[in-house]
Undergrad: 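Below: one structure in C-alpha coordinates.
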Amino acid sequence: TAEKGKRNLMKRVITYGTFDLLHYGHINLLKRAKAYGDYLIVGLSTDEFNAGKGKKAYFSYDQRKELLESLRYVDLVIPEQTWEQKRNDILLYQVDTFVMGSDWAGKFDDLSDICDVIYLPRTPEISSSKIKNDLEHRN
(Lines give C-alpha, C1' and ligand atoms only; values in the text may rest on other atoms or scores of the structure.)
Protein backbone atom coordinates (compact mmCIF):
# COMPACT_ATOMS: atom_id res chain seq x y z
CA THR A 1 0.00 0.00 0.00
CA ALA A 2 1.00 3.63 -0.42
CA GLU A 3 0.87 4.14 3.37
CA LYS A 4 3.31 1.30 4.01
CA GLY A 5 5.67 2.65 1.33
CA LYS A 6 5.53 6.10 2.92
CA ARG A 7 6.31 4.74 6.37
CA ASN A 8 9.37 2.94 5.11
CA LEU A 9 10.88 6.21 3.92
CA MET A 10 11.40 7.31 7.53
CA LYS A 11 13.37 4.90 9.68
CA ARG A 12 12.48 5.25 13.36
CA VAL A 13 14.88 4.37 16.17
CA ILE A 14 14.15 4.10 19.90
CA THR A 15 16.39 3.93 22.94
CA TYR A 16 15.77 4.11 26.69
CA GLY A 17 17.57 5.45 29.72
CA THR A 18 17.75 7.82 32.66
CA PHE A 19 20.21 10.24 31.02
CA ASP A 20 21.10 11.90 34.32
CA LEU A 21 24.14 14.20 34.48
CA LEU A 22 24.13 14.38 30.68
CA HIS A 23 27.69 13.79 29.42
CA TYR A 24 29.59 13.05 26.21
CA GLY A 25 29.01 9.30 26.60
CA HIS A 26 25.25 9.97 26.40
CA ILE A 27 25.74 12.27 23.40
CA ASN A 28 27.88 9.60 21.72
CA LEU A 29 25.17 6.95 22.25
CA LEU A 30 22.39 9.23 20.98
CA LYS A 31 24.43 10.27 17.93
CA ARG A 32 25.20 6.63 17.05
CA ALA A 33 21.57 5.59 17.66
CA LYS A 34 20.29 8.37 15.39
CA ALA A 35 22.67 7.16 12.65
CA TYR A 36 20.49 4.01 12.34
CA GLY A 37 17.53 6.06 11.15
CA ASP A 38 15.91 9.42 10.53
CA TYR A 39 13.87 9.86 13.71
CA LEU A 40 15.12 9.13 17.24
CA ILE A 41 12.73 8.52 20.11
CA VAL A 42 14.11 8.45 23.65
CA GLY A 43 12.17 6.62 26.37
CA LEU A 44 13.23 8.60 29.44
CA SER A 45 12.93 6.86 32.81
CA THR A 46 10.52 8.73 35.07
CA ASP A 47 11.49 9.57 38.64
CA GLU A 48 8.90 7.02 39.85
CA PHE A 49 10.26 4.27 37.59
CA ASN A 50 13.81 5.01 38.79
CA ALA A 51 12.66 4.88 42.43
CA GLY A 52 11.26 1.41 41.75
CA LYS A 53 14.71 0.40 40.45
CA GLY A 54 16.35 1.84 43.58
CA LYS A 55 17.85 4.74 41.60
CA LYS A 56 17.57 8.46 42.21
CA ALA A 57 18.51 10.92 39.48
CA TYR A 58 20.16 14.24 40.32
CA PHE A 59 17.95 16.08 37.83
CA SER A 60 14.16 15.70 37.77
CA TYR A 61 12.37 14.01 34.88
CA ASP A 62 11.27 17.39 33.49
CA GLN A 63 14.83 18.76 33.63
CA ARG A 64 16.28 15.65 31.98
CA LYS A 65 13.53 15.78 29.32
CA GLU A 66 14.34 19.42 28.54
CA LEU A 67 18.05 18.62 28.21
CA LEU A 68 17.36 15.73 25.82
CA GLU A 69 14.87 17.76 23.76
CA SER A 70 17.55 20.41 23.20
CA LEU A 71 19.85 17.90 21.45
CA ARG A 72 19.86 17.81 17.64
CA TYR A 73 19.86 14.00 17.60
CA VAL A 74 16.65 13.62 19.64
CA ASP A 75 13.30 14.01 17.88
CA LEU A 76 10.88 12.88 20.60
CA VAL A 77 11.11 12.13 24.34
CA ILE A 78 8.50 9.85 25.90
CA PRO A 79 8.19 8.71 29.53
CA GLU A 80 9.49 5.25 30.44
CA GLN A 81 7.28 4.09 33.30
CA THR A 82 7.61 0.30 33.19
CA TRP A 83 10.00 -2.38 31.91
CA GLU A 84 7.13 -3.93 29.94
CA GLN A 85 6.15 -0.89 27.85
CA LYS A 86 8.93 -1.28 25.26
CA ARG A 87 7.01 -3.67 22.98
CA ASN A 88 3.95 -1.40 23.00
CA ASP A 89 6.08 1.69 22.33
CA ILE A 90 7.77 0.00 19.35
CA LEU A 91 4.40 -0.91 17.85
CA LEU A 92 2.77 2.44 18.68
CA TYR A 93 5.56 4.57 17.21
CA GLN A 94 6.24 2.13 14.31
CA VAL A 95 9.88 1.72 15.32
CA ASP A 96 12.32 -0.01 12.98
CA THR A 97 15.36 -0.26 15.29
CA PHE A 98 15.72 -0.62 19.06
CA VAL A 99 19.12 0.52 20.37
CA MET A 100 20.64 0.10 23.84
CA GLY A 101 24.11 0.21 25.35
CA SER A 102 26.10 -3.04 25.30
CA ASP A 103 25.77 -3.33 29.08
CA TRP A 104 22.22 -4.55 28.25
CA ALA A 105 23.37 -7.08 25.60
CA GLY A 106 20.91 -9.94 25.23
CA LYS A 107 18.32 -8.48 27.62
CA PHE A 108 15.97 -7.24 24.87
CA ASP A 109 16.49 -9.89 22.18
CA ASP A 110 12.82 -10.87 22.55
CA LEU A 111 11.93 -7.64 20.70
CA SER A 112 13.71 -8.84 17.54
CA ASP A 113 10.44 -10.32 16.26
CA ILE A 114 9.09 -6.78 15.70
CA CYS A 115 12.22 -4.68 15.00
CA ASP A 116 16.00 -4.77 14.70
CA VAL A 117 17.73 -4.90 18.11
CA ILE A 118 21.20 -3.35 18.34
CA TYR A 119 23.51 -3.06 21.35
CA LEU A 120 26.12 -0.31 21.02
CA PRO A 121 29.41 -0.31 22.94
CA ARG A 122 29.48 2.21 25.77
CA THR A 123 31.97 5.06 25.78
CA PRO A 124 34.42 3.26 28.10
CA GLU A 125 35.89 6.03 30.25
CA ILE A 126 32.68 7.86 31.23
CA SER A 127 29.40 7.20 33.06
CA SER A 128 27.09 9.14 35.35
CA SER A 129 28.10 6.77 38.18
CA LYS A 130 31.78 7.56 37.56
CA ILE A 131 31.08 11.32 37.59
CA LYS A 132 29.17 11.02 40.89
CA ASN A 133 31.93 8.87 42.39
CA ASP A 134 34.72 11.19 41.20
CA LEU A 135 32.94 14.26 42.60
CA GLU A 136 32.32 12.53 45.91
CA HIS A 137 36.01 11.59 46.32
CA ARG A 138 37.52 14.85 45.09
CA ASN A 139 39.80 16.60 47.59
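For the numbers below, each heavy atom of this structure counts, side chains included, while hydrogens, waters and symmetry mates do not.
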Undergrad: Please determine whether a side-chain nitrogen of the Lys or Arg among Lys86 and Asp110 lies less than 4.0 Å from a carboxylate oxygen of the Asp or Glu.
TA: no

Undergrad: Please evaluate residues Lys34 and Val13 with respect to the criterion side-chain contact (heavy atoms from CB on, under 4.5 Å), reporting the C-alpha separation (whole Å), side-chain torsions for both, the decisive distance (0.1 Å), and the verdict.
TA: CA-CA 7 Å; Lys34 177 71 175 246; Val13 180; over 6 Å; no

Undergrad: Rounded to the nearest 0.5 Å, what's the gap from CD1 on Ile90 to CZ on Arg12? Could you check?
TA: 13.0 Å

Undergrad: As an exercise, state the distance from OH of Tyr73 to CG of Leu40, rounded to the nearest 0.5 Å.
TA: 11.0 Å

Undergrad: Answer yes or no: are there more than 12 heavy-atom neighbours, outside Tyr36 itself, under 6.0 Å from its atom OH?
TA: no

Undergrad: Check for me whether Lys107 meets the cation-pi criterion with Trp83, that is, NZ or CZ under 6.0 Å from the six-membered ring centre and within 45 degrees of the ring axis.
TA: no

Undergrad: Can a donor-acceptor pair be found, under 3.5 Å and without considering hydrogens, that links the side chain of Asp47 to the backbone of Tyr61?
TA: yes

Undergrad: Is there a side-chain contact between Leu68 and Leu30, using heavy atoms and a 4.5 Å cut-off?
TA: yes

Undergrad: Can you find a pair of side-chain heavy atoms, one from Leu111 and one from Arg87, that are under 4.5 Å apart?
TA: yes

Undergrad: Is it true that, when you exclude Glu66 itself, more than 12 heavy atoms of the residues, nucleotides or ligands shown sit nearer than 6.0 Å to its CD?
TA: no

Undergrad: Is the shortest side-chain heavy-atom distance between Leu67 and Phe19 below 4.5 Å?
TA: no

Undergrad: Once rounded to the nearest 0.5 Å, what's the spacing between atom OG1 of Thr97 and atom CD1 of Ile14?
TA: 11.0 Å

Undergrad: Tell me whether the NZ or CZ atom of Arg64 lies within the 45° cone about the ring axis of Phe59 and under 6.0 Å from its centre.
TA: no

Undergrad: Whether the side chain of Thr18 engages the backbone of Ser45 through a donor-acceptor N/O pair (distance < 3.5 Å, no angle test) should be reported.
TA: no

Undergrad: Do Asp89 and Tyr16 meet the criterion of a side-chain donor-acceptor pair at a distance under 3.5 Å?
TA: yes

Undergrad: When rounded to the nearest 0.5 angstrom, what distance separates CD1 in Ile114 from CD in Gln94?
TA: 12.0 Å

Undergrad: Do Leu120 and Met100 have side chains that approach each other closer than 4.5 Å (heavy atoms only, starting at C-beta)?
TA: no

Undergrad: Specify the closest pair of heavy atoms between Ser102 and Pro121, including all atoms of both residues, with the distance to one decimal.
TA: OG-CA, 3.4 Å

Undergrad: Thr46 and Phe49: which non-hydrogen atoms are nearest, and at how many Å?
TA: OG1-N, 3.1 Å

Undergrad: Quick check: does any side chain N or O of Asn50 sit under 3.5 Å from a backbone N or O of Lys56, one acting as donor and the other as acceptor?
TA: no

Undergrad: Check the pair Leu71, Leu22 against side-chain contact (heavy atoms from CB on, under 4.5 Å), reporting the backbone distance first and the verdict last.
TA: CA-CA 11 Å; Leu71 299 175; Leu22 195 65; 4.0 Å; yes

Undergrad: Give, for atom CZ of Arg122 and atom NE2 of His26, the distance between the pair rounded to the nearest 0.5 Å.
TA: 7.0 Å

Undergrad: Calculate, to the nearest 0.5 Å, the distance between atoms CG and CG belonging to Asp116 and Asp96 respectively.
TA: 7.5 Å

Undergrad: On the 0 to 90° scale, with breaks at 30° and 60°, tag the Phe108-Trp104 ring pair as parallel, tilted or perpendicular.
TA: tilted

Undergrad: Can you confirm whether Ile78 sits close enough to Tyr93 that some side-chain heavy atom of one is under 4.5 Å from a side-chain heavy atom of the other?
TA: yes

Undergrad: Please report the shortest heavy-atom distance between Val99 and Ala33, naming the atom on each side.
TA: CG1-CB, 4.0 Å

Undergrad: Check for a donor-acceptor pair, side chain of Gln85 on one end and backbone N or O of Pro79 on the other, with a separation under 3.5 Å.
TA: yes

Undergrad: Judged by modelled atom types alone, do Asp109 and Tyr119 share a side-chain donor-acceptor pair under 3.5 Å?
TA: yes

